[in-house]
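For the single chain, residues carry numbers from 1 onward in sequence order. Worth knowing before you read on, the calculation uses all heavy atoms, side chains too, and leaves out hydrogens, waters and symmetry mates.
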Amino acid sequence: MFCTLSVYGIYFVCVSTALPSASVSVSPQGPFYDGETVTLQCDIPDYTDWTYYWYRNNQPGHSTHDKTLTISLPDLDGQHQCQGTRRDQPQQSQLSRALSIQLTALPTASVRVSPQGLLFSGETVTLQCVIPDYTDWTYYWYINNQQLSSQTSETITISLPDQAGQYQCRGKRTTRPQWSNPSSSLPIIVTDYQPSTTLTSDKEDIFTGDSVTLSCTVESSGWKFYWYRHRSDSTPVTTTSGYSYTLSWVSVSDGGQYWCRAGRGDPVYYTLYSDPVQINVTERPVAVLTLQPNWTQIFSGETVTMRCNIQGGGDSDWKYRWYKNSELFIRFNTKPEYRISPVYMFNSGSYTCEGVKGNKLSNTSDAVQLTLSGKPQPVLSVSPQWLNPGDSVTLSCEVDKTSTGWRFSWYRTVPYRAGLPSLSDSSYSVETLSDSSTGTTESFYTLSPAGHTGGYVCRAGRGDPVYDTLYSQPQFLWSGDLQPSVSLRISPNTTQHFRSKSLSLSCEEKGNSTGWRLMRYTERGLESGCVSNWGSITGSTCTISYTYTWSSGVYWCESGSGEYSNAVNITVHDGDVILESPVHPLTEGDSVTLHCKYWTTSSNIKADFYKDGVLIKNETTGEMTIPAVSKSDEGFYKCNSDQGDSPESWVTLRGQKSCACVYVCVFKCLDGKTCVLLVPPGSVVSISLPRLLCGLLVVSPFLLVSIVLTVKCCRARGLCSTVKSPQDQI
């Protein structure tokens, strides 16, 4: 601080001013090298009459009237500062910040030799002087501490053995740093023999398509390698900079003897030739993968075996690799077979194999695609499905159309019983048909005669161990004929019904069998019992209070012991017109009336009646009567009115049974005696009541009573079943 007096009346003003700042700079700028001199300069603004004081590492040093100071390195390196003083105010400056003068090592030269390692008499050797950081060097070379004045380039070439010795180099340049440090001494020593090479092969016996690598080793480094085939004094097959030579995808013609030798330098200096190596190339064996059994389709749970055969592989000393979807999953297997038992869906994929013998491989086999399907369920078909007495029925069982090798077994459905083979939903157990226990290669089975209503399933098996399919869905044979144990009665007693109406079905027992249940087969499949979703049961009667079109189907009764009632084919129509027709088969000679009904009224309507699509009658009463049906009347019937068409219904005819009666007639003869008339079997087929009465008008009333009883006996007939029925409609 200093004060200046100013007069403003009676006032004095004192002004405070900061001291000038000193700063130190250096020339030249770093880096700084050993042996150099540098100039420091102290700059203080505003005034020039300074005396300069210099500090090194916080210790006072020189004082100068000149702002510069020259110092020598490395003696005066360190932290440098300066400060100025003068006589007038301000009398001194502030002390400058420290300036660091640190030494940087000179670049060090090194000598590199090419080739490296052992050097041989007759070779030409190249020496290189390597100095880092800069490129504008002039090079100085020394041998045995004597300068080679003629050599100033970065590299020099010498000949052996004449110029062997200890070599050094250093560099000089016109700008800083001007010199490098000299290199260490590198001895160049001559080996007094010609080097040899050793040739080896990673394989000697290989297959076509393989690769083989030849390796040529030699003392020291820097060599090029020359490769020869068949003759060592021939033109080289190839030249490589590395010591190895790989023949890829070899053919038989690549086999033979190989040699190598190495060379380096300019002119080239060669080693001796190697000893020969024999390479034998043969055709690669072929792997052939087969799938056993060779079925076009394999199912989950079956057993499959894959076999890998090596063709053209000579002896049998092969190991095997297995691939799935190109990924190795069995690296080493001494057996040519891979067995999967049982096979599952996740085993699906593309499989290949190859043989391994030592370090040799066969060709990879062509891929075998293993495609798996879920456990199959065969489809059973029945023809015909509606029976006539004495019919033969064919059961046909089909697994997947593309699969083969099956044996088929046939079964009859029975009520479910624990311990018996059963369907998956436990709806039925099954019993083998007596003559199909061992199965057959035929996919069909004939029931002759078929009997009556019943259920059947089939199953197929193949392979060893035997793989069985699922059981087929049950298929049924239906007979409309009444059975002795139970009969199915329906109300209203017709095969066609309107939608939204009530329908009752009753299983009427005639024998001692128990446990009856109502069954139906509709478009929704097989359903058992009168369950809540389609009816309610009271005693042996099932009532469907509201019919739907899907209520259409075949209905029948089953007992717990496996007996079946007659079957009834019911059609629920959502139109306005139905045809009322008989539920059960008719017997030749019976009278039948067909009714054409309109859903809103019970009165008669005008209708046309058709049989097998052909108009047969027009009726104004809405009904058509056939007084005595015959076999020719069997067929499909429907009716048509102004209100619409009915569906078709099948009317079944059964032939009449032959009737043989023994008539015992007791009456009073004219002489008053009691007479007995015997008519033996076969002699009377029918008796005309009018003729009998006309011939015996003179006899007593007792005789007339006997005659009436006799006629009633003659009209007692059974049912004969001789007519076929194509009622296969559900």
Side-chain angles (χ1 to χ4, degrees), residues 285-311 313 316-357 361-380 397-411 419-426 430 432 436-443 457-473:
V286 177
V288 177
L289 178 60
T290 56
L291 182 64
Q292 299 171 344
N294 189 24
W295 292 324
T296 56
Q297 189 170 14
I298 306 295
F299 296 96
S300 178
E302 290 195 279
T303 296
V304 297
T305 300
M306 299 181 195
R307 183 173 182 84
C308 191
N309 293 312
I310 308 300
Q311 297 181 355
S316 59
D317 190 23
W318 287 93
K319 308 299 184 293
Y320 302 88
R321 289 179 182 170
W322 296 88
Y323 298 83
K324 178 185 176 185
N325 299 330
S326 301
E327 292 186 2
L328 180 67
F329 71 94
I330 297 181
R331 182 174 298 276
F332 184 85
N333 193 346
T334 58
K335 295 182 178 179
E337 292 184 344
Y338 173 57
R339 180 181 174 92
I340 310 175
S341 180
V343 65
Y344 295 107
M345 298 298 289
F346 63 79
N347 295 121
S348 296
S350 177
Y351 287 82
T352 55
C353 71
E354 65 185 7
V356 182
K357 185 189 294 185
L361 299 174
S362 72
N363 277 328
T364 302
S365 71
D366 291 335
V368 169
Q369 186 67 36
L370 179 59
T371 301
L372 297 177
S373 304
K375 196 176 184 71
Q377 184 176 37
V379 175
L380 177 65
C397 191
E398 182 178 74
V399 193
D400 190 281
K401 291 183 181 297
T402 62
S403 63
T404 57
W406 299 102
R407 293 184 66 86
F408 298 89
S409 298
W410 312 88
Y411 305 86
L420 286 181
S422 302
L423 304 185
S424 58
D425 60 359
S426 299
V430 297
T432 305
S436 72
S437 57
T438 59
T440 174
T441 57
E442 299 292 342
S443 62
V457 296
C458 70
R459 186 169 70 170
R462 68 180 183 181
D464 183 15
V466 175
Y467 169 81
D468 290 315
T469 67
L470 299 171
Y471 289 106
S472 69
Q473 290 292 334

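The minimum heavy-atom distance linking Met306 with Leu370 is given by the pair CE-CD2, 3.9 Å. Across all their heavy atoms, Ser472 and Leu380 have their closest contact at OG-CB, 3.6 Å. Taking all atoms of both residues into account, the shortest heavy-atom contact from Ser403 to Phe299 is CB-CE1, 3.8 Å. Of all the heavy atoms in Leu470 and Arg459, the pair that sits closest is O-CG, 3.7 Å. The shortest non-hydrogen separation linking Pro376 to Tyr467 is CD-OH, 3.3 Å. Considering all non-hydrogen atoms of both residues, Pro342 and Gly301 come closest at CB-O, 3.4 Å.
Rounding to the nearest 0.5 Å gives a distance of 12.0 Å between CG of Leu291 and OH of Tyr338. Here CD1 of Ile340 is found 10.0 Å from CD1 of Ile298. Values are rounded to the nearest 0.5 Å. Between atom OG of residue Ser362 and atom CG of residue Asn309 there is a gap of 11.0 Å, rounded to the nearest 0.5 Å. Atom CE in Met345 sits 6.5 Å away from atom OG in Ser373 (nearest 0.5 Å). Rounded to the nearest 0.5 angstrom, Trp406 CH2 and Thr440 OG1 are separated by 15.0 Å. Taking CZ of Arg307 as the start and OH of Tyr320 as the end, the distance is 7.5 Å to the nearest 0.5 Å.
Here the side chains of Lys375 and Ser300 are not in contact, with every heavy-atom distance at 4.5 Å or above. The shortest side-chain heavy-atom distance between Phe408 and Pro378 does not fall under the 4.5 Å cut-off. Counting only heavy atoms from C-beta outward, the side chains of Val304 and Tyr351 never approach each other to under 4.5 Å. The closest side-chain heavy-atom distance from Pro465 to Thr303 is below 4.5 Å. Counting only heavy atoms from C-beta outward, the side chains of Cys308 and Trp322 approach each other to under 4.5 Å. Between Leu423 and Val430, some side-chain heavy-atom pair lies under the 4.5 Å cut-off. Within the 4.5 Å cutoff, the side chain of Asp317 has heavy atoms near those of the Lys319 side chain. Side-chain atoms of Cys397 and Trp410, non-hydrogen and from C-beta on, do get closer than 4.5 Å to each other.
Under a cut-off of 6.0 angstrom, the local environment of OH in Tyr344 is sparse, with at most 12 non-hydrogen atoms contributed by other residues, nucleotides or ligands. At most 12 non-hydrogen atoms from other residues, nucleotides or ligands lie less than 6.0 angstrom from CG of Asp366. Counted within 6.0 Å of CD on Glu327, heavy atoms from surrounding residues, nucleotides or ligands total 12 or fewer; the atom is thus considered open.
Between Arg462 and Asp464, none of the side-chain N atoms (NZ, or NE/NH1/NH2) sits under 4.0 Å from a carboxylate O, so this pair counts as no salt bridge.
Looking at residues two or more places apart in sequence or on another chain, you find a side chain to side chain donor-acceptor pair (under 3.5 Å) between Thr364 and Glu354.
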Residue pair Ser348, Thr371: steps toward the side-chain contact (heavy atoms from CB on, under 4.5 Å) verdict: CA-CA 5 Å; Ser348 296; Thr371 301; 5.7 Å; no
Arg321 vs Leu361, side-chain contact (heavy atoms from CB on, under 4.5 Å): CA-CA, chis, key distance, verdict: CA-CA 10 Å; Arg321 289 179 182 170; Leu361 299 174; 3.7 Å; yes
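Side-chain contact annotation: Glu337 with Thr305, donor-acceptor N/O pair under 3.5 Å absent.
Using a distance-only test at 3.5 Å, with no hydrogens or angles considered, no donor-acceptor pair links the side chain of Gln311 to the main chain of Ala287.
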